[in-house]
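Everything quoted here is computed from the prediction, not taken from an experiment.
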Amino acid sequence: MSKLVADQADGLRRLLANTPTRVIAVAGMDAGGGASDATMNLGAALVQQGKDVLVLDEHGGTAAAICAAWAIDPLGDLADVADRRLSREGAIARADCGVGVLPAPLGDRHAEIDPRTLCAGGVVLIDAQIDGEGRLSPLARLADELLLVLQPNAASITSAYAGIKRLHYAHGLKQLRFLVEGVAGAEEAQRITTNLSSTGSRYLAVSLEAAGWVRTDAHRADARRLRQTVVEAFPASPAAVDFRRVAVDMGAWPWRTAVPRGRAQRAAVEPLRGPRIDLPLIRATPLPRSAVA
């Protein structure tokens with residue numbers, strides 16, 4: 001990040017210092033579904049808006065970890081901060097784009113710390129893992145919003161439907177947002193988001209709200225090879241433009257009450273009693289350039 005951009009971002013952060021901290025858990029139902037990459041790109045876009053951004057990475061220590069993707073090396077993890085072995089700034093690693101990253105591996109005592117205390121007035125993004133029974137970690141359940149990342153194909157949407165049912169019964173979720181990754185253009189994205197939102201209200205007893213979409217973009221693979229996000233490396237590319245648009249919209253999301261720390265969670269997942277869900281037929285027909293410009 002250039003010194004001019006860094007100075008501007010620091011000034012904006014000071015202006016926003018008295019705003020509440022927003023905590024967003026980002027998750028995908030399938031491994032390799034793009035949730036971690038989306039978390040990184042949204043974080044980079046939010047920093048460009050002048051926000052202080054901290055990513056809590058529940059994949060810490062694995063090949064999917066964000067620190068590995070950004071080639072940064074933190075000195076500790078969230079448990080070290082919770083136990084006061086390290087300060088927040090002493091534990092986190094900071095990417096070149098300005099996003100702070102702190103591993104929060106599952107099984108540690110990190111649920112004992114409120115993520116809002118780690119990034120006053122900023123944004124905390126939790127790169128969340130969903131366990132084998134379809135449940136969120138205690139840390140992710142403290143988020144104000146759950147953002148589900150899915151791909152525009154039948155397999156990903158089927159997995160999302162099943163996962164949303166499990167999340168609803170495990171945590172009593174009444175609403176979540178979803179981001180569709182890798183669409184051909186606006187027309188395809190709008191068709192998928194309309195179908196998902198309609199199905200959520202009719203059959204899943206959950207309000208599914210579209211957070212936006214990201215167009216397929218070959219620059220993303222090039223950015224990963226550079227150990228950067230597409231927002232950093234290719235800011236004019238279609239995916240970078242889309243991520244920045246979603247990041248701007250996130251600032252206008254209404255504030256919701258986070259799940260209380262002591263709320264009892266259901267241990268078993270109940271079967272859904274309701275009509276069979278017929279998945280929408282998806283035809284990913286590329287649009288003319290003029291339609292997606």
Side-chain angles (χ1 to χ4, degrees), residues 22-30 33-39 42 125-131 133-137 140-215 242-243 245-259 265-266 269-284:
R22 191 185 289 272
V23 182
I24 301 169
V26 185
M29 293 300 175
D30 303 303
S36 294
D37 191 64
T39 302
L42 290 172
L125 299 177
I126 302 173
D127 186 22
Q129 285 200 64
I130 297 178
D131 69 17
E133 296 184 0
R135 294 177 299 194
L136 295 166
S137 71
R141 292 201 297 268
L142 295 175
D144 304 302
E145 297 275 358
L146 173 60
L147 177 62
L148 193 65
V149 179
L150 58 120
Q151 304 295 316
N153 58 67
S156 181
I157 294 175
T158 300
S159 178
Y161 283 149
I164 291 166
K165 287 191 294 184
R166 292 193 295 269
L167 287 166
H168 172 64
Y169 282 109
H171 305 304
L173 286 181
K174 298 298 182 184
Q175 72 277 315
L176 58 82
R177 297 181 186 273
F178 63 92
L179 175 69
V180 186
E181 280 260 32
V183 296
E187 183 177 315
E188 180 191 17
Q190 289 167 352
R191 182 170 61 251
I192 294 171
T193 56
T194 299
N195 287 335
L196 275 171
S197 298
S198 175
T199 299
S201 60
R202 291 178 61 191
Y203 299 130
L204 302 181
V206 178
S207 172
L208 303 181
E209 300 181 36
W213 59 81
V214 178
R215 285 168 286 178
D242 294 340
F243 275 119
R245 183 184 65 245
V246 174
V248 168
D249 291 344
M250 288 166 67
W253 291 356
W255 290 91
R256 291 169 175 159
T257 303
V259 178
Q265 303 297 334
R266 299 183 185 181
V269 178
E270 302 176 17
L272 179 67
R273 295 180 177 89
R276 175 178 175 270
I277 300 173
D278 292 318
L279 294 177
L281 179 63
I282 301 171
R283 297 185 177 88

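For the pair Ala25 and Ala128, the tightest heavy-atom approach, listed with the atom from each and the gap, is CB-CB, 4.4 Å. Shown here for Trp213 and Asp242, the closest heavy-atom pair between the two residues is O-CB, 3.4 Å. The two residues Leu148 and Met29 come nearest to each other via the heavy atoms CD1-CE, 3.6 Å. Taking every heavy atom of both residues into account, Ser36 and Asp127 meet most closely at OG-OD2, 2.6 Å. Of all heavy-atom pairs spanning Ala211 and Trp253, the tightest one is CB-CZ2, 3.8 Å. A pairwise comparison of heavy atoms in His168 and Leu173 identifies ND1-O, 2.8 Å as the closest pair.
Taking the side chain as every heavy atom from C-beta outward, Ile157 and Asn195 never approach each other to under 4.5 Å. At a threshold of 4.5 Å between non-hydrogen side-chain atoms, the residues Ile130 and Leu136 count as touching.
Residues passing the side-chain contact (heavy atoms from CB on, under 4.5 Å) test with Ala38 are Val149, Leu179, Glu181, Phe243, sequence neighbours excluded. Under the side chain to side chain donor-acceptor pair (under 3.5 Å) criterion, Ser159 pairs with Asp30, not counting sequence neighbours. Residues forming a salt bridge (charged side-chain N to carboxylate O under 4.0 Å, His left out) with Asp249 (at least two apart in sequence, or on another chain): none.
Applying side chain to side chain contact (heavy atoms under 4.5 Å, CB included) to Arg177 and the options Val246, Ile24, Leu147, Leu146 leaves one that passes, Leu147. Across Gln129, Arg166, His171, a single residue satisfies side chain to side chain contact (heavy atoms under 4.5 Å, CB included) together with Arg135, and that is His171.
Rounded to the nearest 0.5 angstrom, Thr193 OG1 and Glu188 CD are separated by 10.5 Å. Between the OG1 atom in Thr199 and the CD1 atom in Ile164 there is a gap of 9.5 Å [rounded to 0.5 Å].
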Test side chain to side chain contact (heavy atoms under 4.5 Å, CB included) on Leu208 and Leu176 and set out the steps. CA-CA 5 Å; Leu208 303 181; Leu176 58 82; 3.5 Å; yes
Could you walk me through whether Val206 and Leu167 satisfy the side chain to side chain contact (heavy atoms under 4.5 Å, CB included) test, starting with their C-alpha distance in whole Å, then the side-chain angles of each, then the deciding distance to 0.1 Å, before giving a yes or no? CA-CA 10 Å; Val206 178; Leu167 287 166; over 6 Å; no
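A donor-acceptor pair under 3.5 Å is formed between the side chain of Thr39 and the backbone N or O of Ala35. At distances below 3.5 Å, not a single donor-acceptor pair connects side-chain atoms of Ser207 with backbone N or O atoms of Lys174. A donor-acceptor pair under 3.5 Å links the side-chain atoms of Thr194 to the main chain of Gln190, judged by distance alone.
For the pair Arg22 and Asp144, the salt-bridge criterion is not met [side-chain N within less than 4.0 Å of a carboxylate O].
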